[in-house]
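Each remark here refers to the structure printed beneath this line.
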Amino acid sequence: MREREIKAIAEWRKYLRFWGRDVQRDIDDELRFHLEMREQDFVASGMTSSDAHDATLQRFGSVDEVTRALRAHDIGRERSRHRVEVFETIAQDVRYGARKLMQSPGFTIAVVLVLALGIGINSAIFSAVDAALLRPLPFRDAERLAALRVIRPPSAMRINGAPAPKRAPDTDDVAAMGDVIEAMGSYAPGSLNLSGGNEPARVKVALATPSLFPMLGATPALGRNFVNAEGSEQANVVMLSYGVWRRQYGGDSSVIGRSILLNGLPYTVIGVMEKKFIYPAGTDLWIPLSLPFEWKGAGGEAFHNYLPLSTIVKLKPGVDALTAGKRVRALYAPFETAESPVKHTAAELVLPLQETIVKDRRTALLVLMGAAVLVLLTACANVTNLLLARAAARRREIEIRAALGASRTRIVQQLLTESVLLSLAGGVLGIAFAYSGLRLLTTLMPPQLVDLAPPSIDSRVLGFSLLLATMTGLLFGLWPAFGAARKSTTTTASSKRSNSAGATARDGRTLRSIFVVSEMAFALMLLIGAGLMLRSFRELVNTDSGVQIDRVATLELTLPKARYDNGQAVMGFYNALMERMRRVPGVTAAAVINELPLRGESGIGLEVIAEGAIQDPNKEPLYPKYLRVTPEYFQVMGIQLRAGRALSDLDNRKQPVAVINQAMADVLWPGQSAVGKRFALGTMPGEVPSYITVAGVIANVRSQSIDTAPTAQMYLPFSDSPELFSGIIARGTGDPKTMLAGLQAAVRAVDASQPIYNLQMLDQAVSKTIAPRRTNTLLIATFGLLAVVLAAFGVYAVIGYGVSQRTREIGIRIALGAGVGGVLRMVLREGLILGLIGVLVGLGGAWALSRILESMLYGVSARDPFTFVAAPLLLIGITVIATLIPARTASRVDPVRAIRIE
Amino acid sequence: MAAGTGDLLQGTLGILILKALQPREMHGYAVARWIQETTGDVLQIEEGSLYPALRRLEDKGFVEAQWGISDNNRRARFYAITPQGREHLRNDASTWMRFAEAVMVVLRTEPSLVGVPQPAAV
């Protein structure tokens, strides 16, 4: 054979050698031996050489076949032998490693705890990230679901007896696009009073079209779904949620067909939804929705003045949201004119459903995940250093093993096994940590998913933790393992023990220093992040919202239309209630408002036009927030009047007045005094506008939520258009419990059967709205603290170890007159250098990455100078402290004893 | 008779090999020669099939193999019977003999077959 062919075969044989032996060569040798012997015998018995050759082959049979069979057999045998060997070595390593770890319990416990924290944190955050972002929505064909925006259902409005002209496409038009849309369902969340069960309660009701449940793949556990006829009539039937069925009706299966009262109106139970389906968030029961919507039945009482409708569509397979969006936008074509072009883009009209649900929470969750990873990396660097120190201490043991014949691979394998054992132990403990912290994470989830897909330690999270633990173990174990193995197999002549130890200490020091520096960098990045979040939170809490939210008690109620069917009766209730409330000891002011402030909900705005103003088609019309209040409201909330007067009891419908805020005044009458001017609520063409006079102007106060800037607001007298839905609000000097009890008693005194809900102090309610922010800040601050502790410990360990290794050198220095101060300074300087380098690197990292935090910050820039200066200083200070302890030890070295150590 | 070397001989090949190895260890070719000489070339087997059979015996633990040097200084793989192999040979051989005797009795019942060799002695 030619050289090249021989080489080729040899190359290929290399893979067979992986199994420890060259299987092919052995087989070739064995068979060739046989064939040559046989041929020799034939020749010896008189055949010619070529005849002998042929006869041999004939007698043998197919050499190729036999070779193949033997090879298959032998390779299989080698493989299983190899496998057994590997298992045996691993088992050996595990036993040995476990024993070694038990021998130094302090080390083992410390490392396992540190790793448990790092891995546990990551597992917990991952479970939230997985539940919210990675897993598809828990609906059937979730990837084809999309939210339809902007498009409203067909309108039932009539003007002067005739149906209003269509000005834009409606949901029926969208549903008709059968090649793009497979199904459509709508829902609107509201609330009602429930009675006829165990006890009267306020429940969250969702109106839903009968198409919604099948589209999302929700099947009733009992009974049936709504039928189309029930949908179009908004029939008095109801589907219970599993939770309500168990709580209110004891899980009794005879509940089907029973009648329950919603706001006093009888509804028949036709089904109980399966346990895992709750949509929209927190829904207790569903009733049918018809579109166009009719304000009748309990459905008509479930909302304030407007229908908070959401529409979901299921796209046909293969159609993506953008394509659908373009088709929807095309529906606008017949309605477009030069004066009113279509404002919405295709992307705004149809959005993937998952996108709409997680969008607000995504950044925060990902930032947390990143922070958790940083903590883990810090922990790993810490553990690596500890392992490096330990490896140096175990040099003897490893040298002996190498001398006894352990190959470098085996040594590395054994050391790595120890590392992985440590990290797996850390992982198991970490999962226990994570499990106990899960509840904290629910505030970070998108609200719609909290019921449907709560974070939990399921198989995916366990798998992630296992993988993370293993990789962590390999990560921090690799360097020490390879380093130890390398040093063991290079010659270690009979050098004096102290010398070699010194040599190891020296070059190990650089490595350890690098790890400590990286720890400091990570810690600083986390510290800066934490600092920014903390400052941001403080800004938020201290923000001057323009209202006083302390010492204000609130509750909400809805009057049933059945008993309060005219404005007089409604107002009678409220007047009586406010009378009672003022008599509650400690109450200084009480009021009624159509929508309690600072709940984070958007509420409704109505279009307004100033008197005499010409509607400019290019300008966005103004939609001030529509608020109806009794006159004492401003007193309760501590809102300052800027001009004119507040509302009074004398105001009535004959001379409609309103109090507006500065923002609204500035838009409608820029540069002028708004008092006395008139404006009208949006009117349909052909209607006569009714004007409202501005009685007073107040400062801009936060009304929607504590962290959004105030927009235009108008406050109209409650008595002019009393509502069934309202919030009762009272300021007092008493303690919260008494005030709340007093409020509740006041309602009961006026009408004992009136259920109330959300009885709480206003500051409590506001606090709940910022719960996600608070949790985020808390978590990142904790991570930062952990990282700083780890980094400080890392510095202490490295410097301390260095000192202990250089006792002799220090002793010499002292003997030569360096003095205590000199030694102190020397050690401190080392620590300081480490700290400074780490801080510099960390600053670079933080500077680059802090912009990611921007969307989560409030009132603080992502490059806030104060934080960027204070955090490094803090960290350097901690470094100095951490260095002081070993520095003191160094300064106390007895030179005589030190030099004598040999 | 020249027995076919296909399925008929699969199981019996094992016995033949074990018997060959009974006195001493041999390499594969030596086993082939032994069978040839002992049966007077009556049993002609495809020599290649010896090797998979030897592997099977190795797997079952009846035979042990190791590399060595042959008489003419060549590298060869030698096979030796194990105690379990001897046990197996004893059992299998007696089973085989009884089976063969039974077949012979059947074939010798009247009417006798022309040309079929009779046993040398009773």
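Here the structure is a predicted model, which is why all the values come from computation and not from measurement. Sequence lines set the chain letters: A, B, ... in the order given, protein chains first and strands last, and positions in each chain run from 1. Hydrogens, waters and symmetry mates are skipped; everything else that's a heavy atom, side chains included, is used.
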Between A/D64 and A/R71, does any NZ, NE, NH1 or NH2 come within less than 4.0 Å of an OD or OE carboxylate oxygen?
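A salt bridge is absent here (no side-chain N lies under 4.0 Å from a carboxylate O).
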
Does A/R77 pair with A/D74 as a salt bridge, N-O distance under 4.0 Å?
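Salt bridge flag = yes for A/D74 with A/R77.
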
Only pairs of heavy atoms separated by less than 4.5 Å count here; which of A/R38, A/R32, A/M37, A/E65 has the most with chain B?
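That would be A/R38.
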
Quick check on the interface: out of A/T67, A/D41, A/L31, who has the most heavy-atom pairs with chain B under 4.5 Å?
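Of A/T67, A/D41, A/L31, A/D41 has the most heavy-atom pairs under 4.5 Å with chain B.
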
Options [options], ranked by heavy-atom pairs under 4.5 Å with chain A, top entry:
options: B/R33, B/R55, B/E58, B/H27; result: B/R55
options: B/R74, B/E47, B/R75; result: B/E47
options: B/G48, B/A30, B/G28, B/A32; result: B/G48

Answer with side chain, backbone, both or neither: which region of A/I27 has an atom nearer than 4.5 Å to a non-hydrogen atom of chain B?
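The side chain, not the backbone.
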
Should the pair B/H88 and B/F62 be assigned to parallel (<30°), tilted (30 to 60°) or perpendicular (>60°) ring geometry?
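Rings of B/H88 and B/F62: parallel, under 30°.
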
Quick one: is the NZ or CZ of A/R401 closer than 6.0 Å to the six-membered ring centre of A/Y96, and within 45° of its axis?
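Because its charged atom sits under 6.0 Å from the ring centre and within 45° of the axis, A/R401 does stack over A/Y96.
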
Donor on one side chain, acceptor on other, A/Q58 and A/D54, under 3.5 Å:
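Result is no, nothing qualifies.
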
